[in-house]
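Please read the structure below before turning to the comments.
In listed order, ligands and their atoms are each counted from 1.
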Amino acid sequence: MMHKDLQEILISPEELSSGIGKLGERISADYAGRCLTLVGVLKGSVFFLTDLARRITTDVRLDFMMLSSYAGAQSTGVVRIALDLKESIEDSDVLIVEDIVDSGLTMNYLLPNLKTRRPRSLEICTLLDKPSRRKAQVPIKYAGFTIPDKFVVGYGLDYNGIYRNLPYIGVLKEGVIEGN
Ligand code: 5GP
């Protein structure tokens, strides 16, 4: 049953599951025999990260970061680290796990930041890729789904903090978004 605030379901639970299964197979093959550190970007990636980790057959470690944009700086990509990694990533194989890459500014900040910590390898895995609004080119190694330029919620993605627990990715009704 679709949430009343949504106009459409873009990606069903079944599609999410099979898409994430395919990502897990690719990642398992690429990192076979190695221990992979999954770096989840809080909070949006949490549902994706826990499902993806269970579809990876090589050993994984989990760590987390929380990033927040400076007020009014969304378009400039000035990002603040609100919560940093617990462990060192020096000499580790690191995979950043993100919910969605939109403008690319967040990853454009995070990637060089993590590179200075000298991981053995560093790649990006995003559940959703919204390429139409890209401002910074981001080298995405793994993308689950490419989506059109619509504001989506569910499966970790929020609007004003809610809708994260929806088991699918959906598009909000226009009237629900402030200012419409
Ligand atoms: P970027 O820096 O690539 O523009 O965007 C990264 C962040 O913007 C994402 O991690 C996410 O928090 C937010 N974002 C971008 N597009 C959407 C969207 O369609 N829905 C939601 N809920 N968040 C989005």
Notebook entry, point to check: Residues in salt bridge (Lys or Arg N to Asp or Glu O under 4.0 Å) with D51, at least two apart?
Noted result: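 Testing D51 for salt bridge (Lys or Arg N to Asp or Glu O under 4.0 Å), a comparison that skips the adjacent residues, returns R54.
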
Notebook entry, point to check: Under a strict 4.0 Å criterion on non-hydrogen atoms, which protein residues are in contact with ligand 1?
Noted result: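 Residue list for ligand 1: E98, D99, I100, V101, D102, S103, G104, L105, T106, K130, K150, F151, V152, L157, D158.
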
Next item on the list: State which residues pass ring-ring contact (aromatic ring centres under 6.0 Å, His included) with F47; sequence neighbours excluded, sorted by chain then number.
Entry: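 F47 satisfies ring-ring contact (aromatic ring centres under 6.0 Å, His included) with no residue once adjacent residues are dropped.
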
Checklist line | Inter- and intrachain pairs under ring pair (Phe, Tyr, Trp, His ring centres under 6.0 Å), touching residues 3-26, at least two apart | finding: H3-Y163

Check: Any ion pair linking R120 and D91 (charged N to carboxylate O, less than 4.0 Å)?
Finding: no

Check: Backbone N or O of P119 within a donor-acceptor pair of the E90 side chain at under 3.5 Å?
Finding: no

Next item on the list: Apply the test side chain to side chain contact (heavy atoms under 4.5 Å, CB included) to residues L110 and E98: give CA-CA distance (whole Å), side-chain angles for both, the deciding distance (0.1 Å), then the verdict.
Entry: CA-CA 11 Å; L110 186 58; E98 176 63 304; over 6 Å; no

